[in-house]
Number of protein chains: 2
Amino acid sequence: MDLRKLRYFKVVADEKHIGRAAKVLHISQPPLTRQIQQLEEELGVTLFSRNPKGMELTDAGALLREEVRNIFSLIEQATERTQKAGQGRLGRMDIAIFGSGIMGDIPKMLLFFKERYPEVNIVLHTMGKGEQIKALRQKRISVGFNRLLAPLADISSELVSMEKLRLAISTKHPMASLEHIPFEKIREFPLVMYPTAGRPNFIDKTIRLCQLAGFTPDISQEVGDAVTGVALVASGFGACLVPESATVLSIPGVVYKPLSDTPDEAEVDLSCIYRNDDESPLLKAFLETLKEFRTIKDNRSLDELC
Amino acid sequence: MDLRKLRYFKVVADEKHIGRAAKVLHISQPPLTRQIQQLEEELGVTLFSRNPKGMELTDAGALLREEVRNIFSLIEQATERTQKAGQGRLGRMDIAIFGSGIMGDIPKMLLFFKERYPEVNIVLHTMGKGEQIKALRQKRISVGFNRLLAPLADISSELVSMEKLRLAISTKHPMASLEHIPFEKIREFPLVMYPTAGRPNFIDKTIRLCQLAGFTPDISQEVGDAVTGVALVASGFGACLVPESATVLSIPGVVYKPLSDTPDEAEVDLSCIYRNDDESPLLKAFLETLKEFRTIKDNRSLDELC
DNA sequence: CATCTTAATACTTTTAAGGTATCAATGAAT
DNA sequence: ATTCATTGATACCTTAAAAGTATTAAGATG
């Protein structure tokens, strides 16, 4: 079977006339006659009855005409979908986020992507840093969102945003009335820190920051994630350093205080990671959208300043 | 787009290896490489990632593979269905029957046909003789069942069966106790006859038969069909000549009596008519099945005699 | 480092699709 | 009744494209 024959058949069926059909197809009449004959021979079926005024479809021919319509529409769909997939506009993308990643820029970015690529199906998985890297290598995911990523040979990362830190303290604490808390006052709080897994992590970063500021933090408790940490603060466990985005989480008895006199690096990154041998157009589209998202975000914050 | 390319693509996708795929396809490797390159170029999409061990489908390629499966299955279906239609094993057949044709051999024959050609959709239309011929000429039907057909230039007919006549009389009539009624006793009954339309018809035939037997029948009433005729007999209108097949219709107060001492032609035919320029394989199949039906019917009646 | 395997390229041969000229059959017009 | 125009089919030639052969380039493997 040959699509050329089916295409020719369709035109002859429409025109009911070999000569006219040949003109429509921009070929001469004899090869068209032969193609139709070959098609009939191949199927073993008479598709047209030839009368001196032209050609008329037989019942079998009429049925084939319907089928041919479906075939062409299916082929058209297939090529379109394949092309979309090749441009990263169609497909499935598995993305990992960390526990408290459901807050802040990640959902904004994902929504932004989904608006631009509505036919890309995003599947979210919650996993820690080490698990994300493993899943990336096993190709179970294409992208992971995380913080404080150590460079790896086979994995690249792209910054999403930088976030300032805030200190979650009890509303009953004397400093709760202050506008800002100077960074070095952190030494006075027993700290609840997270996460316990995935080095280098936020705990390591905090310790380094405090040492830069000339003191060693009093880490009283380690927990798995920001939500648990802040919950402990509410219960009187001390203070907890969190990125700005986590402050959307409001818990009675806790206030988030901006820090003053902070070291330069008193910010934490939000990045996304991906295999650097990943040539997928979906990933390409995702990273491009991410850059666009960052630009728009920057402009918006400028706007907000004016 | 070209089915050859899709076929080749499918095999390469299965084998993940151009060389092996070429062997499966019984061609050499270079032309296969080129076909795949051309397909990618045509779609503007990279379908395979080439590594030194072979070829791996990209996401877009994997999607195309699924689509290609559907395309081939659709094409396969289309050819099969077209071939079936070409052999008269698939399609729609419009058949006309006359009013009392729902009794007797017609439904048997249609059932017989339907068993052999289950994918042929039979659509029945009830119409009189003249209407059938008109519908045949306008190609609204392919076959009509009727009796006593005058030969026509553009319409052929094929005998289905011959039926003896019986006389429907009231159970109250003195002759109701007889085993047979001699043909010439018909002169003693006022006759209810049918149909009123479509010459030559059963009425003409009856008149001729009676004249052959040496009398003129007393036609007291003309009605449209056998059912009405027999119903009138029940009400005391006299007698009604009906073909054997109509005797399945049992109405209280009416008995059907076989005739004795009948003229040779005291039988009525059941035939089917069709356009003699109709080359449709459906009709061919139908007529062949009809012949087969007649043969089986003959054998069966022989069996019944033994 | 040599060797093997992979897919890709250069060039030739073969196949098949397309073109030109013509025919046979049919129907319409003179 | 004969001519003429129109239909699809056939014979033969040309062109395009698919397949084959030989070879190359790039990685992997021992």
Short of 4.0 Å, heavy atom to strand atom, which residues of [range] count as contacting DNA chain C?
| range | result |
| --- | --- |
| residues 28-38 of chain A | A:Ser28, A:Pro30, A:Pro31, A:Arg34, A:Gln35, A:Gln38 |
| residues 4-26 of chain B | B:His17, B:Ile18, B:Gly19 |
| residues 40-56 of chain A | A:Pro52 |

Partners meeting side-chain hydrogen bond (donor to acceptor under 3.5 Å, both in side chains) with [X] (sequence neighbours left out):
| X | result |
| --- | --- |
| B:Gln38 | B:Lys5 |
| A:Gln138 | A:Arg140 |
| B:Asn201 | none |

A:Thr33 pairs by side-chain hydrogen bond (donor to acceptor under 3.5 Å, both in side chains) with which of A:Gln35, A:Gln37, A:Gln29? A:Gln29
How would you list, by chain and number, every residue that makes a salt bridge (charged side-chain N to carboxylate O under 4.0 Å, His left out) with [X], sequence neighbours excluded?
| X | result |
| --- | --- |
| A:Arg208 | none |
| B:Glu42 | none |
| B:Lys129 | none |
| B:Asp204 | B:Arg199 |

With heavy atoms of chain B within less than 4.0 Å as the criterion, where does contact along DNA chain D begin and end? D:dA18 to D:dA28
Greater than 12 external heavy atoms within 6.0 Å of B:Lys139's NZ: no
Would you call the rings of B:Phe113 and B:Phe286 parallel, tilted or perpendicular, where under 30° means parallel and over 60° means perpendicular? perpendicular
Extract all donor-acceptor atom pairs below 3.5 Å that involve side chains of residues 141-152 of chain A and protein atoms in other chains or at least two apart in sequence.
{"from": "A:Asn146", "atom 1": "ND2", "to": "A:Gln132", "atom 2": "OE1", "distance (Å)": "3.3"}
{"from": "A:Arg147", "atom 1": "NH1", "to": "A:Glu163", "atom 2": "OE2", "distance (Å)": "3.1"}
{"from": "A:Arg147", "atom 1": "NH2", "to": "A:Glu163", "atom 2": "OE2", "distance (Å)": "3.4"}

For A:Lys134 and A:Glu131: C-alpha separation, side-chain torsions, deciding distance, then whether salt bridge (charged side-chain N to carboxylate O under 4.0 Å, His left out) applies. CA-CA 5 Å; A:Lys134 199 171 146 197; A:Glu131 214 182 335; over 6 Å; no
